[in-house]
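Here's the structure we're looking at; comments come further down.
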Amino acid sequence: MKNRYRNVCMILAIFLFVTGCAQNSHCASEVVPDGEIEEEKEDYIVVGYSQVGSESDYRIANTKSVRDIFTQKNGYYLLFEDAQQKQENQLKTIRDFILQEVDYIVLDPVVETGWEAVLQEAKDAGIPVILSDRSVEVEDENLYTAWVGSNFEEEGVCAGKWLENYLAATGRSQEEIQIVTLQGTLGSTSQIGRTKGFQNVLEKNQSWKMLDRSSGDFTQAKGKEVMEEFLEKYPEIDVVVSENDNMTFGAIEAIKEAGKTCGPKGDIILISFDSVQAALIAMKEGDINVDIECNPLLAPKIAEIIDKLEAGEKVEKIHYVEESYYDTFMDLDSVIRKRSY
Ligand code: GYE
């Protein structure tokens, strides 16, 4: 869109070609295609998107939402980079985006801290940054323009309240309840909020005991590993709080391999987050008790914000998406049928 932008891109493209970097999917080759495409970009709103990774079903759906919305047909030119859950990759990507003078940067930050310097650089370059899904902890909130995502603390509270009600309904309110938590990526907004929200409810329930918390980094493999350790250490687990569905899938495997069962008829109450289709199917099959929904379809809202900014309109800073929860007392079939992720 801008002349200097085109020149910088051409130089970078030549440099990458000469160094052979164009073979590597994680360097800037995706970001800087050939000259013809560069010219084409001038007709579009160029959006640089720094994605967390591809660690979960939520993430896959989130990325699909981005790719479906930020199309050339819709007037956008998308530069998409997957950080493989590493903040250092995101820092590099954002600096690449700044160098290329993109029109907007959308950042889904792996963790909350460590963004001040790079966001200041984007601000100095006059590029608005919109945060998606997770957020950042910065002193100056003007370092980003808007944030779109879920109320993670509310999700944690919802999980705790569901457990309170469930224990009351099953006559276990007075029993000592032994709980373990599989946490998401430590320091990420979703982990911080879910842990805090559940903790708030736990503190009001004297008979609940949090035996342990450990991170499974939001992945199935690590979720399984952590669950195996929990099962070895604690023979009497009543409740597992798993901060996303993919760790839950790993936990179910570990529980079954240990000769135990989970779900409404099982030995262990299993609480999950995200409500992706595969988890709702696992719930229907009887392995999960409740799933707190986390909506990954954030791109339409981000596009709306960008369009408003393009029109010179003011935008709200915080945008929550709507969410619910699902348990085995509901008609899961109709939800599963309608679910796109
Ligand atoms: O719950 C998990 C993903 O930040 C809300 O990240 C997101 C979380 C989501 O990998 O599945």
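Numbering starts at 1 and runs along the sequence shown. Both counts, for ligands and for their atoms, begin at 1 and track the order of listing.
- Residue N246 has no nitrogen or oxygen atom sitting less than 3.5 Å from a nitrogen or oxygen atom of ligand 1, judged on distance alone.
- Listed by number with element, the atoms of ligand 1 under 4.0 angstrom from any heavy atom of E55 are 3 (C), 6 (O), 10 (O).
- The one candidate from D133, T63, T93, D82 that meets the side chain to side chain donor-acceptor pair (under 3.5 Å) condition with Q51 is T63.
- In terms of protein heavy-atom proximity, atom 11 (O) of ligand 1 is nearest to D274 OD2, 2.6 Å.
- Contact analysis leaves S188 out of contact with ligand 1, as no non-hydrogen atom separation drops below 4.0 angstrom.
- Within ligand 1, counting atoms from 1 as listed, the ones closer than 4.0 Å to a heavy atom of S56 are 2 (C), 3 (C), 10 (O), 11 (O).
- Judged purely by distance below 3.5 Å, without hydrogens or angles, the side chains of Q120 and D140 never pair a donor atom with an acceptor atom.
- With respect to atom 6 (O) of ligand 1, the closest heavy atom belonging to the protein is R134 NH2, 2.8 Å.
- For V157 against V201, the heavy-atom pair with the smallest separation is O-CG2, 3.7 Å.
- Atoms of ligand 1 lying under 4.0 Å from any heavy atom of F152, numbered from 1 in the order shown and given with element: 5 (C).
- With a 4.0 Å heavy-atom cut-off, ligand 1 is reached by no atom of E155.
- In terms of protein heavy atoms, atom 5 (C) of ligand 1 is closest to D133 OD1, 3.2 Å.
- Residues S132 and Y49 bring a donor and an acceptor atom of their side chains to less than 3.5 Å of each other.
- In this structure, a donor-acceptor pair under 3.5 Å is present between the side chains of T189 and E112.
- Using a 30° and 60° split on the angle between ring planes, W147 and Y320 fall in the perpendicular class, above 60°.
- Listed by number with element, the atoms of ligand 1 under 4.0 Å from a non-hydrogen atom of C294 are 5 (C).
- When hydrogens are left out, the protein atom nearest atom 2 (C) of ligand 1 is N244 ND2, 3.5 Å; that is the closest non-hydrogen contact.
- Between the side chains of D212 and Y234, a donor-acceptor pair is found at a separation under 3.5 Å.
- Relative ring orientation between F70 and Y76 is described as perpendicular, the plane-to-plane angle rising above 60° on a 0-90° scale split at 30° and 60°.
- Ligand 1 is approached by R194 to a heavy-atom distance shorter than 4.0 Å.
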